[in-house]
Amino acid sequence: MKELIKLIAQSLVDNPDSVEVDEVKGEQTVVVELRVAKEDMGKVIGKEGRTAHAMRTILSAASMKINKRAVLEILE
Amino acid sequence: MMHSTESEIIVEGNDLEDALAAASERLGVDRNILEYRVIDSNISGIFGLFKKRKITIKAWWRDGGHALQEAEQFLLGILSHMRINARVTGKETAEGLTLIIDGDRDGLIIGRRGQTLDALQYITNRYMQRDQTRKTRVILDCEGYRRRREQTIIRMAQNIARKVKRTGKSVAAQPMDSSERRLFHLALKTDRDLCTESHGEGDKRRVVVYPVKK
């Protein structure tokens with residue numbers, strides 16, 4: 001899950017080295033925390049939040065494979 | 001990767017159109033995305049007695065297929081991180097790049113009402129257009145979903161059109177994205193008893209069909 005979000009985020013931002021992804025595993029859920037450089041926030045959120053929404057959709061599809069619910073949090 | 005790796009070919013034809021048609025066939029790509037240079041164009045035959053016109057061109061496809069390969073690699077990377085074992089076949093068309101995903105046994109790639117496929121398509125487009133100078137458009141398809149969806153939208157438009165005519169009242173369709181709304185508008189374009197408009201913002205934007213009063 002972590003690697004998936006990292007791959008997507010790094011391919012969209014101007015500062016791929018500043019992309020940090022953490023995973024907090026719960027019993028039924030996985031929380032994926034994404035941090036990017038301040039100036040790249042817009043790139044991972046997108047117009048009207050469309051990029052963030054697309055990442056969440058892809059993440060939930062992927063999480064079906066492991067029978068867990070995955071949540072993406074974009075942190076400042 | 002199923003497309004031809006040959007990026008530049010030399011072909012001959014009776015005229016330019018003929019040569020371009022041959023090149024498009026050999027490279028297996030749409031003619032509109034071919035670029036070419038005329039190498040030789042002469043009228044052969046002795047003193048012009050047998051006017052046999054021939055033209056030789058060197059043809060290649062725009063970007064030499066780099067954009068296509070880049071898009072394919074990107075999508076394959078995402079799919080493998082999603083632990084989905086699939087093949088991606090790309091081709092260049094007049095509308096842009098089309099990537100076809102094969103191997104979605106459980107419908108995971110398409111998702112409910114195509115939302116996963118749309119999300120993958122959106123992200124791939126963001127990636128391909130990350131420097132603003134490039135305008136490459138990528139369309140993703142899987143198991144013929146786009147075509148099926150197109151037919152569903154046309155059917156939906158026709159059903160709503162019937163309802164509007166029967167009741168004389170306007171009816172709103174379910175929210176759809178811009179390409180789907182376009183199909184909807186087109187489906188009813190020739191019907192003079194109706195008119196269609198899009199209303200609402202963002203995710204909630206939908207087509208409304210109105211009766212035309214005479």
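Sequence lines set the chain letters: A, B, ... in the order given, protein chains first and strands last, and positions in each chain run from 1. Since we're looking at a predicted model, the values are computed, not measured.
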- Reported OG-to-CE distance for the pair S63(A) and M82(B), which is rounded to 0.5 angstrom: 9.0 Å
- Message: How about CD on E25(B), more than 12 heavy atoms from neighbouring residues, nucleotides or ligands closer than 6.0 Å, or not?
- Response: no
- Could you state the interatomic distance from OG (S11(A)) to CZ (R126(B)), rounded to the nearest 0.5 Å? 12.0 Å
- Query: So does R182(B) have more than 12 non-hydrogen atoms from other groups sitting under 6.0 Å from CZ?
  - Reply: no
- Item | Nearest-0.5 Å distance, CG of residue L7(A) to OH of residue Y127(B) | 9.0 Å
- Query: CZ of R205(B): more than 12 outside heavy atoms within 6.0 angstrom?
  - Reply: yes
- Message: Taking every non-hydrogen pair under 4.5 Å, which of I84(B), T116(B), I123(B) racks up the most with chain A?
- Response: I123(B)
- Task: Please report the closest heavy-atom contact between A54(A) and A119(B), naming both atoms and the distance.
- Result: O-CB, 3.6 Å
- Item | Portion of E48(A) that has a non-hydrogen atom of chain B nearer than 4.5 angstrom | side chain
- Region of R56(A) that comes under 4.5 Å of a non-hydrogen atom in chain B: neither
- Message: Under 4.5 Å from any heavy atom of chain B, what part of I58(A) do you find: side chain, backbone, both or neither?
- Response: both
- Would you say R50(A) has more than 12 foreign heavy atoms packed within less than 6.0 Å of its CZ? no
- Greatest number of non-hydrogen atom pairs under 4.5 angstrom with chain A, of D203(B), I109(B), L108(B), falls to L108(B)
- Item | Whether over 12 other heavy atoms sit under 6.0 Å from K189(B) NZ | no
- Between the CD atom in Q129(B) and the CG atom in L12(A), the distance rounded to the nearest 0.5 Å is 11.0 Å
- Task: Supply the atom-to-atom distance H81(B) NE2 to M1(A) CE, rounded to the nearest 0.5 angstrom.
- Result: 10.0 Å
- Query: Between I66(A) and chain B, which part of the residue has a heavy atom less than 4.5 Å away: side chain, backbone, both or neither?
  - Reply: side chain
